[in-house]
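These numbers come from the heavy atoms of this one structure, side chains and all, not from hydrogens, waters or symmetry mates. We name chains A, B, ... by the order of the sequence lines, and we start the count at 1 in each one. Please read all numbers here as calculations on a predicted model, not as lab measurements.
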Amino acid sequence: MIALVDCNSFYASCEQVFRPDLQGKPVVVLSNNDGCVIAANKEAKALAHIPMFQPVFKIKNILKANNVTCFSSNYTLYADMSQRVMDTLREFSPIVEEYSIDESFVDLSHYNNDELDEIAHKIKERVHKNTGVPVGVGVAKTKSLSKMANKFAKKIPENNGVFVVDSEEKRQFLLSSAKVKDIWGVGRKHTIRIENTGAKTALDFANTNLAWVRKELTVVGERLWRELNNLPCLELVTETSVKKGIGTAKSFGKKLADYSIISEATSFYVAEVADLLRQQGSAAGCIEVFLQTNYFSNSDNQYSNKIIITLDTPTNSTIKLTKEALKGLKKIYKPGYRYKKVGVNLFNLVPENQVQTSLFYEEHKSESKELGKVIDALNSKFGKNKVKLATVGNREKDWALIKEHRSPRFTTQWSELLTIGGKTSSIKL
DNA sequence: TCTGGGGTCCTAGGACCC
DNA sequence: TCTGGGGTCCTAGGACCC
């Protein structure tokens, strides 16, 4: 049996752990640039009219009228809290799949079926005790069912955040109480196709003809259908897999026309992705740079372009990648536009120790490689970005994300530890 | 004035090879 | 007039997830 443990409105819960004064009050967390609502606690959800991904400026009045506390997203804090949750889950099982920052599949096959209900409640209580974060627990024979059990656990108050599918009756009950669109892995398009067959509930879908499912929804649909019928098709993935591509793309804090500032932002993002690349021990064979204006705007002239540069030899050197990226940026940049976003993607990744050197590659043990190592060492000792390339410049404030209401990084920075009677960084709009 | 970011998996179709 | 068939690799795009 498999448990799916999912943190309740995770980002908002993390903020509340350090702000006990906000217990029972509405809290939301905003996306980069404080653009959209990306998490809302149950008090905020209860207000309704706060749909996820709504731009903040459209619902500012509602937030204000209801005294909703808003936070900029603080990923450093959330990532650290997430690890604490995961560590607690490992006390219950050696096999844990970290599915996302706020949810995990936990293998419970070493427990007897009649213990599962008790174990599920224990998981919930211990995570809350250790981290302050509330979670829901769904238990079933397959990942897809445990995912749905988890949703159901949270939806019905009497479940108290836990639902265990340990009988055929409960499986049918669970599936018949979920609509087609609530099935994990069924999105907008698939919902339409499935509902066109007359199916209304997840149980209807599980009872439809498999050949139809295979034909219309491909193998992905077939696996899902089997999983809902208690036949496990999806294994728990415990090894963190090596990424196939690494990228970053962020909107600027304001629109930018000036090439030199955009190139500084680009350099900054290259350094960021190159760092991730080295951390996983890969080298990139290709680098893509793209640039775009604000496509929401009706008044601005629109332009977007991208360029993909194939490198002679795969590399993970920030210096080389920056050089290539800026060459590319120069080619696609056109003056006269107000740009909103720049992005960098690395792909064709290979293990760094298996790099095929090209015929003309002469710098096997180049100076830039040694230099890169020294820079990494300095940055890991003195803090991120303390040493950087001059191309990054020092005008970060001119392009960086807006995070007006970020809470302190309570758990990862000594200088930002929780203080009693300390200042707060959230705001009432 | 103000609209997120980072992923995975699968399929169809084109290019190319023998 | 008649013009094969099978295979691989790559890419773009669709669909979905958090």
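- The residues A:K340 and A:D300 are annotated as not salt-bridged, no charged nitrogen and carboxylate oxygen being separated by less than 4.0 angstrom.
- Residue A:D34 is classed as having no contact, given no heavy-atom separation below 4.0 Å to the nucleic acid.
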Show me the dot-bracket string of DNA chain B, counting Watson-Crick or G-U pairs under 3.5 Å, with | for pairs to another strand and [ ] for crossing ones. ....||||||||||||||
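- In summary, contact between chain A and DNA chain B, defined as any nucleotide atom under 4.0 Å from a heavy atom of the protein, begins and ends at B:dC2 to B:dT11 in the 5' to 3' direction.
- A donor-acceptor contact closer than 3.5 angstrom is absent between the side chains of A:E98 and A:S104.
- Under the 4.0 Å criterion applied to side-chain N and carboxylate O atoms, A:K122 and A:E125 are not assigned as salt-bridge partners.
- Residue whose closest nucleotide on DNA chain B sits further toward the 5' end, between A:K58 and A:K243: A:K58.
- Contacts of A:K254 with the nucleic acid, taken as non-hydrogen atoms under 4.0 Å apart, are absent.
- Across C:dC17 and B:dG4, the matching C1' atoms stand 15 Å from one another, rounded to whole Å.
- When heavy atoms are screened at a 4.0 angstrom cut-off, A:N294 is found touching the sugar-phosphate backbone but no base atom.
- With hydrogens and angles left out, the side-chain atoms of A:S304 and A:K306 include no donor and acceptor closer than 3.5 Å.
- For the residue pair A:D107 / A:S93, no side-chain donor-acceptor distance below 3.5 Å is found, with atom types taken as modelled.
- Nucleic acid contact class of A:Y295 (heavy atoms, under 4.0 Å, all strands): none.
- Ranked by how close their nearest DNA chain B nucleotide is to the 5' end, A:I246 and A:S31 are led by A:S31.
- Ring pair A:F163/A:F173 is tilted by interplanar angle, where 30° to 60° counts as tilted.
- Residue contacts for A:S251: at a heavy-atom cut-off of 4.0 Å it reaches the sugar-phosphate backbone alone, with no base atom in range.
- As judged by a 4.0 angstrom heavy-atom cut-off over every strand, A:G247 is placed among residues touching the sugar-phosphate backbone only.
- Under the 3.5 Å distance criterion, with hydrogens and angles disregarded, a donor-acceptor pair is assigned to the side chains of A:E15 and A:Y78.
- Taking the ring centre of A:F290 as origin, the terminal cationic atom of A:K341 falls outside the region bounded by 6.0 Å and 45° from the ring axis.
- Using modelled atom types and a 3.5 Å distance limit, the side chains of A:Y303 and A:N301 yield no donor-acceptor pair.
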